[in-house]
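These notes are about the structure you will find just below.
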Amino acid sequence: MAPLDDDCVRRPYRRVAVVILTLTLNPSLDRTIEIASLTRGAVIRAATARLDPGGKGVNVSRALLANSVVSRAVVPFGGDEGRQLVHLLWQQGLDMVTVPVAGRTRSNVTLAEPDGTVTKINEPGTALSPAELDTIADTVLAEAHEADWVVASGSLPPEVPADVYARLCRRFAGAGIHVAVDTSGPALASALDAGPALVKPNLEELAGVTGRPILCVGDVVEAAVQLRAAGARTVLASLGADGAVLVEEQGIWYGEATVTEPRSSVGAGDAMLAGFLAGGARGEAALVEALAWGAAAVRLPGSRMPGPGDIRRDGVRTGRPDPARLLTSAVWSEAADPNPAGPSLTGPDHLGPAGAGLGEPGHHPPPASR
Ligand SMILES: Nc1ncnc2c1ncn2[C@@H]1O[C@H](COP(=O)(O)OP(=O)(O)OP(=O)(O)O)[C@@H](O)[C@H]1O
Ligand SMILES: O=P(O)(O)OC[C@@]1(O)O[C@H](CO)[C@@H](O)[C@@H]1O
């Protein structure tokens with residue numbers, strides 16, 4: 001079976017173009033249940049159900065893999081669910097470094113209705129000890145020296161200090177390694193201060209971190225400019241069905257791609273981020289790629305990641321943003337956390353030594369390369 005008992009094999013990256021390392025501190029097994037409609041308190045018979053390996057960084061790596069872009073995922077895993085997660089990823093051929101942890105990997109549930117409405121229930125995940133966190137951080141540091149990008153994505157499990165992504169950013173600053181951060185709340189606020197190369201907030205995250213209502217495209221642009229002033233070099237704001245806004249040093253772009261039959265938006269933001277990085281991570285061309293990958297993910301069930309056959313670039317429209325354009329899913333207000341950085345468990349700028357006795361990280365070449 002899966003690679004959990006295999007010897008640890010370290011393999012150099014095959015240098016093609018960019019190399020992208022992803023970190024998912026809180027991965028998941030994603031069960032997607034398609035139902036006719038959601039009624040609270042009722043017994044609902046499902047039409048279909050599927051299980052995908054999940055977590056935001058994991059999805060970014062899966063999307064890159066589906067499009068033959070070199071990527072490696074750092075994946076902590078624990079319990080039966082964790083073993084199943086690793087097995088599913090291994091079956092898909094993902095290049096990953098797994099880190100065993102004591103807690104159980106979470107399961108997240110999506111209820112998907114035919115009109116594209118998605119109701120998602122995400123478990124908090126189980127706590128990582130400081131030693132486990134140090135082992136994961138050491139693994140990222142060891143793997144990152146060959147990477148162009150480190151993508152730190154998703155929520156933090158309980159008891160992980162909110163500044164963990166910020167410390168990663170600081171660690172890589174000056175080493176020519178760009179850090180992209182896709183998270184929310186205090187972890188996002190704290191990461192901004194460390195100057196990430198890229199952040200990808202969605203509407204709620206943008207409203208939450210800036211503490212301002214986001215009702216129109218102009219609000220998105222202003223909020224993104226605020227994030228740049230706070231430290232992010234590039235802001236790729238994803239707006240669900242309303243498309244995306246890119247704010248970077250070279251300019252500001254808006255874009256959208258219509259999806260007539262949305263199936264599941266879960267992971268669309270991850271596919272979008274993967275497309276943006278694969279597309280060069282700068283300017284209108286990268287935005288087109290991001291929108292095409294995001295829209296393609298929405299047309300697929302569950303959190304299936306799109307491959308070349310799913311991605312249509314001709315349906316993407318980009319241009320200058322119209323500030324007055326109202327958003328279909330406006331976010332009225334959500335206060336930003338006034339004290340985002342949280343307590344540090346391992347010291348301000350130090351990611352700490354490897355933890356003892358928790359098992360070694362295992363590197364698993366994809367099945368095809370064995
Ligand atoms: N209904 C839709 N129609 C067309 N495009 C969509 C739709 N929903 C999402 N997208 C595309 O996918 C991108 C990402 O979507 P969204 O803003 O929902 O990301 P997200 O909240 O980060 O998602 P997730 O966390 O599930 O990955 C959008 O910017 C857009 O390009
Ligand atoms: O709870 P988080 O970490 O914010 O999000 C986790 C998650 O919703 O994100 C992915 C989609 O982007 C899913 O695979 C996964 O279930």
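Computed from heavy atoms alone, side chains included, the values below leave out hydrogens, waters and symmetry copies. Whatever order the structure lists ligands and atoms in, that order sets their numbers, starting from 1.
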Would you check whether V266 has a nitrogen or oxygen atom less than 3.5 angstrom from a nitrogen or oxygen atom of ligand 2?
-> no
From atom 7 (C) of ligand 2, work out which of R31, R62, K120 has a heavy atom at the shortest distance.
-> K120
In this structure, atom 9 (O) of ligand 2 is nearest to the protein heavy atom K56 NZ, 3.2 Å
Residues E284 and T318: side-chain donor-acceptor under 3.5 angstrom | yes
Would you say the side-chain atoms of H178 pair up with the backbone N or O of D148, donor to acceptor, closer than 3.5 Å?
-> yes
Atoms of ligand 2 under 4.0 Å from any heavy atom of G54, numbered from 1 in the order shown, are 14 (O)
Atoms in ligand 2 with a heavy atom of S28 nearer than 4.0 Å | 15 (C), 16 (O)
Touching ligand 2 at all, S303? Heavy atoms, strictly under 4.0 Å?
-> no
Atom indices of ligand 2, in the order listed, that fall short of 4.0 Å to a heavy atom of D270 | 10 (C), 11 (C), 12 (O)
Nearest-neighbour protein heavy atom for atom 13 (C) of ligand 2, which is reported as residue plus atom name and distance = D30 OD2, 3.0 Å
Expected output: side-chain D322 to main-chain A324 donor-acceptor under 3.5 Å | yes
Write out the protein residues near ligand 1, meaning a non-hydrogen atom under 4.0 Å from one of its atoms, in order of chain and number.
-> K56, K200, N202, S238, L239, G240, A241, G243, A257, V259, S265, V266, G267, A268, G269, D270, M272, L291, G294, V298
Can you tell me if N67 uses its side chain to pair, donor with acceptor, with the backbone of P306 under 3.5 Å?
-> yes
Report yes or no: does T22 contribute a side-chain atom to a donor-acceptor pair with the main-chain N or O of V151 at less than 3.5 Å?
-> no
Can any side-chain N or O of R72 pair as donor or acceptor with the backbone N or O of D95 at less than 3.5 Å?
-> no
Are any non-hydrogen side-chain atoms of E113 and I35 less than 4.5 angstrom apart?
-> yes
Atoms in ligand 2 flagged as close to G267, the criterion being non-hydrogen separation under 4.0 Å = 11 (C), 12 (O)
Could you walk me through whether R317 and T258 pass side chain to side chain donor-acceptor pair (under 3.5 Å), step by step?
-> CA-CA 9 Å; R317 296 169 300 284; T258 308; 2.8 Å; yes
Hey, is the main chain of D270 close enough, under 3.5 Å, to the side chain of N59 for a donor-acceptor pair?
-> no
Taking side-chain contact (heavy atoms from CB on, under 4.5 Å) as the test, write out the residues that go with A285, two or more places apart.
-> none
Output yes when a side-chain donor or acceptor of R106 lies under 3.5 Å from a complementary backbone atom of P157, and no otherwise.
-> no
Going by heavy atoms, is G269 under 4.0 Å from ligand 2?
-> no
Would you confirm whether T126, through its side chain, and R104, through its main-chain N or O, come within 3.5 Å as a donor-acceptor pair?
-> yes
Could you tell me which atoms of ligand 2, counted from 1 in the order shown, lie closer than 4.0 angstrom to a heavy atom of N108?
-> 6 (C), 15 (C), 16 (O)
Quick one: nearest non-hydrogen protein atom to atom 2 (P) of ligand 2, plus distance?
-> S155 OG, 3.3 Å
For N59, the ligand 2 atoms with a heavy-atom partner under 4.0 Å come out as 10 (C), 11 (C), 13 (C), 14 (O)
Side chain to side chain donor-acceptor pair (under 3.5 Å) assessment of S238 paired with N202 = CA-CA 5 Å; S238 69; N202 66 15; 5.5 Å; no
At a 4.0 Å threshold, what atoms of ligand 2 neighbour a non-hydrogen atom of G154?
-> 3 (O)
